[in-house]
Amino acid sequence: MHILSAPLTLPSAPPAGTLLRALRSPAATCSAPPQEAPNSRCCALHAIRTRDLRHALARLPDGAPVRVARYTLVEPGQDPAERLAQTQAVLMRRGWTQSIVTFDNTGNSDPAVRPQMARLFTALCDRDIHGIIAVSQVDISTFPQVYTDTLAILRARGGFLDLARDECSL
């Protein structure tokens, strides 16, 4: 058995003053640490979602109807009709088949604890639907990590999310 290893090389010394600047806290340097630009975060989330959508649709047999659930999240007491109408427009534009129309009225809560979202996850597992149409990222979560985690849950179940408004149009 042969083990290949790269020759050990030591990095060159940093330019004078670099280490001192690296050790200063952001407050000491009067500048905040670099933040990811909101637009690039939107683009990254959009790319993940659309990739998942393409992959899920590619797995379907040619000519098979795409069955989806229309879903929205509203505040307690808020009428979901207007938001669900926006999901209807996506359904019609795409030519997909509606299997479920539902909403949660839990307000901004974790998708994992919403009753109707749980119902849709089960429907994906049972292959009753192929994906979910929502109005915007807000229907899933305003928190990028929770949104990304939810996309991963949908992906793991072979499903997808499509939106009436992209991730930058909250």
Side-chain angles (χ1 to χ4, degrees), residues 22 24-60 66-91 93-94 96 98-170:
R24 288 186 193 153
S25 70
T29 61
C30 298
S31 65
Q35 299 285 326
E36 184 180 3
N39 196 31
S40 66
R41 186 179 320 130
C42 294
C43 291
L45 295 173
H46 177 78
I48 293 167
R49 182 180 57 79
T50 56
R51 181 199 62 214
D52 292 350
L53 171 69
R54 283 192 310 273
H55 287 179
L57 294 177
R59 286 192 298 270
L60 295 176
V66 179
R67 294 182 312 275
V68 296
R70 294 181 9 208
Y71 173 82
T72 193
L73 174 66
V74 294
E75 294 294 326
Q78 181 183 2
D79 184 3
E82 182 181 326
R83 293 186 66 78
L84 287 171
Q86 293 177 52
T87 64
Q88 176 70 24
V90 175
L91 179 82
R93 183 173 62 245
R94 299 272 198 184
W96 293 341
Q98 169 184 298
S99 293
I100 300 170
V101 178
T102 192
F103 66 95
D104 279 307
N105 61 357
T106 58
N108 195 9
S109 62
D110 189 323
V113 298
R114 297 182 202 154
Q116 293 305 309
M117 184 61 80
R119 174 184 173 205
L120 298 181
F121 287 159
T122 300
L124 280 168
C125 289
D126 294 343
R127 303 288 186 243
D128 293 335
I129 60 172
H130 301 112
I132 299 169
I133 301 173
V135 177
S136 71
Q137 176 185 338
V138 171
D139 291 293
I140 307 303
S141 180
T142 57
F143 299 102
Q145 189 58 54
V146 174
Y147 181 71
T148 303
D149 292 346
T150 304
L151 291 177
I153 291 168
L154 294 171
R155 183 182 326 112
R157 287 163 172 74
F160 64 85
L161 175 69
D162 199 8
L163 299 176
R165 297 186 225 141
D166 72 19
E167 286 75 6
C168 291
S169 303
L170 300 175

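Note that the coordinates shown come from a computational prediction; the quantities given were computed from them, not determined experimentally. One-based numbering along the sequence shown.
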Checklist entry - So do the side chains of Arg54 and Thr50 get within less than 4.5 Å of each other, counting heavy atoms only? => result yes
Checklist entry - Checking Thr122 side chain against Ala118 main chain: does a donor-acceptor pair fall under 3.5 Å? => result yes
Checklist entry - Between Arg70 and Thr87, do the side chains contain an N or O donor and an N or O acceptor separated by less than 3.5 Å? => result yes
Next on the checklist: The criterion is side-chain contact (heavy atoms from CB on, under 4.5 Å); which residues satisfy it with Leu60, sequence neighbours excluded?
Outcome noted: Leu57, Val66, His130
Item to check | Pairs satisfying salt bridge (Lys or Arg N to Asp or Glu O under 4.0 Å), at least one member in residues 139-161, at least two apart | outcome: Asp52-Arg155, Arg83-Asp139
Item to check | Residues which pass salt bridge (Lys or Arg N to Asp or Glu O under 4.0 Å) with Arg49, listed by chain and number, not counting sequence neighbours | outcome: Asp162, Glu167
Item to check | Minimum side-chain heavy-atom gap Ile48-Tyr147 below 4.5 Å | outcome: no
Checklist outcome for this item: So CZ of Arg59 and NE2 of His55: to nearest 0.5 Å the spacing works out to 8.0 Å
Next on the checklist: Quick check against the 3.5 Å criterion: does Arg67 have a side-chain atom that pairs as donor or acceptor with the backbone of Asp128?
Outcome noted: yes
Item to check | Test item: Val138 and Leu73 side chains (from C-beta on) under 4.5 Å apart, heavy atoms | outcome: no
Next on the checklist: Can you confirm whether His46 sits close enough to Cys168 that some side-chain heavy atom of one is under 4.5 Å from a side-chain heavy atom of the other?
Outcome noted: no
Checklist entry - Can you tell if the side chain of Phe103 reaches within under 4.5 Å of the side chain of Gln116, non-hydrogen atoms only? => result no
Checklist entry - Does a side-chain heavy-atom distance below 4.5 Å link Val135 with Leu163? => result no
Checklist entry - CZ/Arg94 to CG/Leu53 distance, rounded to the nearest 0.5 angstrom? => result 5.5 Å
Checklist entry - Rounded to the nearest 0.5 Å, how far apart are CG of Leu161 and CG of Leu45? => result 11.0 Å
Next on the checklist: Looking at every non-hydrogen atom in both residues, tell me the closest pair between Gly158 and Ala56 and how far apart they are.
Outcome noted: O-CB, 3.8 Å
Next on the checklist: Treating Arg114 as the side-chain partner and Ile140 as the backbone partner, does any N or O pair qualify as donor plus acceptor under 3.5 Å?
Outcome noted: yes
Item to check | Gln88 side chain to Ala85 backbone, donor-acceptor under 3.5 Å | outcome: no
Checklist entry - Is the closest side-chain heavy-atom distance between Ser141 and Thr150 below 4.5 Å? => result no
Item to check | Asp104 (side chain) donor-acceptor with Thr106 (main chain) under 3.5 angstrom | outcome: no
Checklist entry - Do you know which of Leu151, Ile132, Val68 makes side chain to side chain contact (heavy atoms under 4.5 Å, CB included) with Phe160? => result Val68
Checklist entry - Is the CD atom of Glu82 crowded by more than 12 outside heavy atoms at less than 6.0 Å? => result no
Item to check | Arg119 vs Tyr71 side-chain heavy atoms within contact, under 4.5 Å | outcome: no
Checklist entry - Roughly how far, to the nearest 0.5 Å, is OG1 of Thr102 from CG of Leu120? => result 6.0 Å
